Amino acid sequence: MENQNVNGEGEKEIVSRHFIEQEIDKDLREGVYDHVCTRFPPEPNGYLHIGHAKSILLNYGLAKEYGGKFNMRFDDTNPTKEKTEFVESILEDIKWLGADWEDRLFFASDYFGQMYEKAVLLIKKGKAYVSDLSADEIREYRGTLKEPGKEDPYSGRSVEENLALFEAMKNGEFEDGQKVLRARIDMKSSNINMRDPILYRVAHMTHHNTGDQWCIYPMYDFAHPIEDAIEGITHSICTLEFEDHRPLYDWVVRECEFPNPPRQIEFAKLYLTNVVTGKRYIKKLVEDGIVDGWDDPRLVSIAALRRRGFTPASIQKFVELCGVSKANSSADYAMLEYCIREDMKLKNPRVMAVMDPIKLVIDNYPEGQVEELDAANNLENPELGSHKVPFMKELYIERSDFMEEPPKKYYRLFPGNEVRLMHAYFVKCTGFERDEDGNVTVVHCTYDPATKAGSGFSERKVKGTIHWVPVQGAVKATARLYENLVDEEKGVYNKEDGSLNLNPNSLTICDNCLIEPVIADAKAFEGFQFVRNGFFCVDYKDSKPGALVFNRVVSLKSSFKLPKS
Ligand code: ATP
Ligand code: MG
């Protein structure tokens, strides 16, 4: 039942409806609802990651597909972990992803008054009671998967007594943990969530939105269905771990007497193989200084992906390829790389950048002469036009494109060998210079004027083509190359102590990178293909005019193949 709406080149478009669409179709057909309203309900307690992107795009996409509404709602009912900083970062991420909530931005904390009223209603109906049991006792009384729970000794309190106690809880007459409000459902239920779950707890804490107005806070399982119902959500889509909570969700909306209540549908979370997504672990990486904040380009928070150079289109494509299902599975990071490569391939200009430069001197090229050569911006997309690149006697090439004693099948520069300089001429290596330590410092060559690119010269063939930049006008920049943060051989977590298995080579900084003059005006987030080196993006935080910093988004090639649909 996977959604296989794949539009790869040359592939037939196969559209099958995933199970959530099928459920919604059925609800509309049977008149359960006459419209669709979905929501994305994050807790503002951290940054969003690629998994959240799936939930956002799924909920927003369904609202669009059915001509319905999409609500952006902060589930800010737990004051311990929530911060305004996260509210802002979350909104920025969602906007960037392309999900538009228009004027439908809500905060669950705005409904605290209505939640309180619903709790009072439940008490009046005999469906809720105040208990004095401690947290430990409640756990003990709850029983286990094999054993039923025991009745709470306070469950017999009268409606009047419960109303008075609950009001006293609200008025701050009790300490944290002294009293809770519980639903009266069934201590013998086979579903532990139904064994008189806690609805409200006492917590003397300052809330980021409501300040000190409340000292009792609703529990997630009580608050969430009420939030959905108040907003007129029809399909409350959440992840699989809430499947066992659905009977409680249905109980809450029914007993609270909401007309036309929402229904909960669960789908499997998106996981990435060998990638750290847990908030706890990311927090530790940040605190230990292993990564440079929550948006370090090696992480998969949405902020990090954006900073690295991923585009909303690439993430949309990735989420689409992952599909929507009820079976837990894990996607390969290579699939995410495939999506960004496909996106950047046709949209970004190609330029020549040398990561680790060494000088190349063309001994027979006239001193002081400069030719402005044409370089196509993108061979696969002629619409991107071309630019000029100055060619002169002294150039820089990659250190790895010269070898004194080449191994077999090395077709680049070595004494006596001829290669093509991209967009320019054939050059033949005639010698090289070394410093005192024996390191090669300069490579010498001669060029053949008859072999200019575009001249139609075809007498000789050469096997190697290398890129270069002119010595004059080359732009000095920093390029950051990334590998997985995690040691893929060992897996994410150390089996013994649960720590992370880190890859010591996850970041390589090339701080002496030289690029063609055309790059000089590159702006934050601008993307380029650096010939033979990969796709890069200007880092919006660290890059400055005159001191550009590029992040490698992805290398040029991979072994990833699009799954056959
Ligand atoms: P926490 O552990 O703090 O609850 P969370 O990642 O579940 O972390 P929420 O703010 O509760 O954070 O998540 C918001 C929404 O995103 C929820 O509806 C949740 O189901 C969904 N979501 C979270 N992680 C994933 C994931 N890996 N794949 C798909 N959806 C996810
Ligand atoms: Mg959650």
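Order of listing sets the numbers, starting from 1, for every ligand and every atom in it. Residues take their numbers from the sequence shown, with the count starting at 1. Note that this is a predicted model, so its numbers are computed, not measured.
- Distances shorter than 4.0 angstrom occur between a heavy atom of Phe40 and an atom of ligand 1.
- Across all non-hydrogen atoms, the minimal contact from Asn348 to Gln529 is CB-N, 4.4 Å.
- Applying the salt bridge (charged side-chain N to carboxylate O under 4.0 Å, His left out) test to pairs two or more places apart or on separate chains, those with a residue in residues 177-201 are Asp132-Lys179, Asp152-Arg182.
- Remark: ligand 1 atoms within the under-4.0 Å shell around heavy atoms of Pro42 are 10 (O), 14 (C).
- Contact record, Lys118 with Cys256: NZ-O, 2.9 Å, taken as the closest heavy-atom pair.
- Contacts with ligand 1 closer than 4.0 Å are made by side-chain heavy atoms of Asn45 only, the backbone lying farther away.
- Of the heavy atoms in Tyr271, none comes closer than 4.0 Å to ligand 1.
- For atom 5 (P) of ligand 1, the nearest non-hydrogen atom from the set Glu266, His52, Glu43 comes from His52.
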Acceptor/donor pairs from residues 165-172 side chains to any protein atom, 3.5 angstrom cut, sequence neighbours excluded:
from: Asn171; atom 1: ND2; to: Glu167; atom 2: O; distance (Å): 3.3

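- Contact annotation: the side chain of Glu175 never approaches that of His204 to less than 4.5 Å [non-hydrogen atoms, C-beta and beyond].
- Considering backbone and side-chain atoms alike, Lys279 places an N or O below 3.5 Å from some N or O of ligand 1.
- Asp292 pairs with exactly one of Lys541, Arg307, Arg480 by the salt bridge (charged side-chain N to carboxylate O under 4.0 Å, His left out) rule, that one being Arg307.
- Set against the non-hydrogen atoms of Thr239, the atoms of ligand 1 under 4.0 Å away are 19 (C), 20 (O), 29 (C), 30 (N), 31 (C).
- Close N/O approach between Pro41 and ligand 1 is not found [any backbone or side-chain N/O within under 3.5 Å].
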